[in-house]
Amino acid sequence: MNKTIKVRIAPSPTGDPHVGTAYVALFNLAFARRHGGKFILRIEDTDRARSTVDSEKMIYDSLRWLNLQWDEGPDIGGPNGPYRQSERSELYRKHAEQLMASGAAYRCFCTPARLDELRKKLQASGASQRHYDGLCRNLSESEARAKSEGGAASVVRLKVPSEGETGYTDFVRGDVSFQNTLLDDQVLLKSDGFPTYHLANVVDDHLMGVTHVMRAEEWISSTPKHLLLYSAFGWEPPRFAHLPLLRNSDKSKISKRKNPTSLKWYEEQGYLPEALLNFLALMGFSMPDGVDIFGFDKLVEHFDFSRINTTGPVFDLEKLNWLNGEYIRKLKADELVNRLSAHMGRFGGKVDLLSALSPATRATVSGLFAPRIARLAEFPEMAAFIFTDALTYDHSLLVPKKCSRELIAAGLREAEKVFESPDALADHKRAEDRLREIAGAVGLKAGDFFMALRVAVTGRTASPPLLDTMAVLGAEKTRNRIAAAVQALGRA
RNA sequence: GCCCCCAUCGUCUAGUGGCCUAGGAUGCAAGAUUCUCAGUCUUGAGACCGGGGUUCAAAUCCCCGUGGGGGUACCA
């Protein structure tokens, strides 16, 4: 009789929603789905100074944006709530008392100053032993009561065995063990009555029925503390798996100084959620067949701890950009329009430029730019010339290198005539042929002439194919722009 | 300082003792396509941290170095 698998992520609502949270959530969710288990979202807001409701809301928003849906959480409830630690204080206090009653924990009255001193002394000596000397361990009940009643501040500490070792088998790393003598008597309850991470975490995971704890590598050295706590309570601990830590290019733990870490940023830049998820999956995980592009369902299908790496992957935006471009190019025409429209409506100028166009033209324009952008946010800037009526020309661009201004002007004037007919662009090939004829007649190389036309029509030297672009604008606008360019040349 | 984790192309990785002359992807370079840019296609350069073992055989197992990272809080 197997217990239902239950996993969780437990972000702290401090600051922007972190890409590392999404990373860990992704693998937790994949594992849960793989085994028909449940995925819990728990908010760890025991740090009262830094936690904010705004930050909590952004966590929901970002995870939803990524479609990392949880089965239980503060916002949707569940059988083992509340799922916000600030609402569970009483629970932690009771459990700490239970530990004191059983003799597994004790009240400690040592001041931060004394602790500091102990730490410094030990560091200086270079010895390998625990920092806290356990002074208050031996306080009698009456002594402790006297101090308490005298108004002395206290914390609750766990009695960590002074011999033996605590170990476990990590699903991704194998056996890991620590000497108990090196582990400090952990603070369980702070002097403000709030639990530390360790206590809250263990109590919650147990009470919520968490069977597998999948978290980042930075928690490895906390694991023995947690194991000791489970044992102090007489509880069966969950199984642990420590995921590699995302890194900056200098291999240090990913940080916002050196990398964009806010999920909001990725959304604003126009990374597709499915592309970001795919990229995150690539960080430390690989498919049996080696493919790089795969969706969440494929990750679920092939998820296995043996396919997770132990080495911390460097977070490389270049590869994300490539991957995102691949996803953009794979989008169906109407879906691409939807994504671009939604993105423009939400970010940047908050104006959906595409809405000014006919449905058919929207699809055409989107399709023209899809292979040219890596992020949705690049579109409004790159396609701006489509939507504006006032282009400004740079003469040096209008006249390609080694071309004479006169010839260009003459060519443009001829081209202008071509677009006097409303259906001049009905047939791209015919229109292109006519322009080539003009180039030849005026004495310009076709390439140079097309470049001049491109600048005249778009104001820039890089654009989608000229005739496609002109067709989107229509004959009239095309002609007007060419005329404007001729004028601009005249003024030069 | 002490404890723990880790180590294959610049980067993400495949590799679980012989299929390895180390594979793929990205990035880079070159070429093709071409009205520019992008895309697409083709080609190229590019790695087993070092030293000892074990073995007929080691990128793969063991040990020692070295390097990197994380932890060492009344943060999480």
Side-chain angles (χ1 to χ4, degrees), chain A residues 10-12 14 44-47 49-51 108 110-112 115-116 119 122-131 153-157 170 173 176-179 182-184 186-198 200-201 216-224 242 244-245 247 249-253 279 282-293 306-307 309-323 325 329 368-374 382 400 432 435-436 439 445-455 458 460-467:
Chain A
S12 291
T14 55
E44 305 223 331
D45 56 351
T46 54
D47 184 338
R50 296 196 302 146
S51 299
C108 170
C110 292
T111 62
L115 265 16
D116 222 43
R119 209 173 358 253
L122 187 69
Q123 280 241 7
S125 82
S128 64
Q129 54 182 294
R130 55 179 63 159
H131 292 87
S154 67
V155 300
V156 174
R157 280 183 190 272
D170 195 296
R173 286 153 216 277
V176 181
S177 73
F178 296 78
Q179 295 295 319
L182 264 22
L183 263 26
D184 270 309
Q186 294 301 306
V187 172
L188 268 21
L189 231 42
K190 308 180 212 172
S191 58
D192 64 3
F194 271 70
T196 57
Y197 168 81
H198 304 302
N201 189 268
E217 187 185 353
E218 55 188 330
W219 294 107
I220 291 180
S221 29
S222 295
T223 306
H242 289 94
L245 213 43
R247 314 290 182 111
S249 56
D250 64 3
K251 303 289 174 84
S252 57
K253 175 164 85 167
F279 176 69
L282 248 21
M283 302 275 92
F285 175 87
S286 61
M287 280 294 181
D289 61 2
V291 298
D292 278 332
I293 301 182
S306 69
R307 298 211 65 83
N309 269 134
T310 45
T311 318
V314 171
F315 193 89
D316 181 17
L317 274 183
E318 297 251 37
K319 186 146 184 176
L320 206 211
N321 285 334
W322 162 74
L323 197 57
R329 276 168 244 135
L368 246 23
F369 287 92
R372 296 176 166 75
I373 58 174
M382 196 179 282
E432 179 176 340
L435 293 174
R436 283 182 189 279
K445 279 194 279 188
D448 289 333
F449 186 45
F450 275 87
M451 180 51 83
L453 279 166
R454 179 187 322 286
V455 174
T458 71
R460 46 183 81 193
T461 55
S463 80
L466 227 209
L467 278 297

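Throughout, protein chains are lettered first and strands after them, A, B, ... in sequence-line order, and every chain is numbered starting at 1.
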Distances for protein N/O vs nucleotides 71-76 of chain B N/O pairs under 3.5 angstrom?
| from | atom 1 | to | atom 2 | distance (Å) |
| --- | --- | --- | --- | --- |
| B:G71 | OP1 | A:Lys253 | NZ | 3.2 |
| B:G71 | O4' | A:Ser221 | OG | 3.4 |
| B:G71 | O2' | A:Ser221 | OG | 3.0 |
| B:U72 | O2' | A:His131 | ND1 | 3.4 |
| B:A73 | OP2 | A:Arg119 | NH1 | 3.2 |
| B:C74 | O2 | A:Ser191 | N | 2.7 |
| B:C74 | O2 | A:Ser191 | OG | 2.6 |
| B:C74 | N3 | A:Ser191 | OG | 3.1 |
| B:C75 | OP2 | A:Lys190 | NZ | 3.0 |
| B:C75 | O2' | A:Asp47 | OD2 | 2.7 |
| B:A76 | OP1 | A:Thr46 | OG1 | 2.9 |
| B:A76 | OP1 | A:Lys190 | NZ | 2.9 |
| B:A76 | OP2 | A:Tyr197 | N | 3.1 |
| B:A76 | O3' | A:Ser12 | OG | 2.8 |
| B:A76 | O3' | A:Glu44 | OE1 | 3.2 |
| B:A76 | O2' | A:Ser12 | OG | 2.8 |

Between protein and nucleotides 40-49 of chain B, what N or O pairs are separated by less than 3.5 Å?
| from | atom 1 | to | atom 2 | distance (Å) |
| --- | --- | --- | --- | --- |
| B:U40 | OP1 | A:Glu326 | OE2 | 3.3 |

What N/O pairs connect the protein and nucleotides 30-36 of chain B at under 3.5 Å? Give each pair on its own line.
| from | atom 1 | to | atom 2 | distance (Å) |
| --- | --- | --- | --- | --- |
| B:C35 | OP1 | A:Arg436 | NH2 | 2.3 |
| B:C35 | O2' | A:Arg454 | NH2 | 3.3 |
| B:C35 | O2 | A:Arg454 | NH2 | 2.4 |
| B:C35 | N3 | A:Leu466 | N | 3.2 |
| B:U36 | O2' | A:Thr461 | O | 3.1 |
| B:U36 | N1 | A:Arg454 | NH2 | 3.2 |
| B:U36 | O2 | A:Thr461 | O | 3.4 |
| B:U36 | O2 | A:Ser463 | N | 2.8 |
| B:U36 | O2 | A:Ser463 | O | 3.1 |
| B:U36 | N3 | A:Arg454 | NH1 | 3.2 |
| B:U36 | N3 | A:Ser463 | O | 2.5 |
| B:U36 | O4 | A:Pro465 | N | 3.0 |

Can you check nucleotides 62-66 of chain B for protein contacts, nitrogen or oxygen pairs under 3.5 Å, and list what you find?
none

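Residues passing the salt bridge (Lys or Arg N to Asp or Glu O under 4.0 Å) test with A:Asp47, sequence neighbours excluded: A:Arg50. Listed by chain and number, the residues in a side chain to side chain contact (heavy atoms under 4.5 Å, CB included) with A:Arg372 are A:Met382, A:Pro464, A:Pro465 (sequence neighbours excluded). Residues that satisfy the side chain to side chain contact (heavy atoms under 4.5 Å, CB included) test with A:Glu432, not counting sequence neighbours, are A:Arg436, A:Phe450, A:Leu467. Taking A:Glu318 as the reference, nothing meets the salt bridge (Lys or Arg N to Asp or Glu O under 4.0 Å) condition, with sequence neighbours excluded. Legend: residues meeting side chain to side chain contact (heavy atoms under 4.5 Å, CB included) with A:Thr461, ordered by chain and number and at least two apart, are A:Leu397, A:Met451, A:Val455. Annotation: side chain to side chain contact (heavy atoms under 4.5 Å, CB included) contacts of A:Ser12 (sequence neighbours excluded): A:Thr14, A:Glu44. With sequence neighbours excluded, the residues satisfying ring-ring contact (aromatic ring centres under 6.0 Å, His included) with A:Phe279 are A:Phe315.
Nucleotides B:C48 and B:G15 have their C1' atoms positioned 10 Å apart, rounded to a whole Å. Spacing between B:U8 and B:A25 at atom C1', rounded to whole Å, works out to 15 Å.
Per the geometry, CG belonging to A:Leu245 stands 13 Å off C1' belonging to B:G68, to the nearest Å.
A distance of 13.5 Å separates CD of A:Gln129 from CG of A:Leu183, quoted to the nearest 0.5 Å.
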> If the sugar-phosphate is the primed atoms plus P, OP1 and OP2 and the base is the rest, what is the B/S/- string for nucleotides 5-12 of chain B, using protein heavy atoms under 4.0 Å?
Replying inline: SSS---SB
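A salt bridge is defined here as a Lys NZ or Arg NE, NH1 or NH2 lying under 4.0 Å from an Asp or Glu carboxylate O, and A:Lys253 with A:Glu217 fails to meet this definition.
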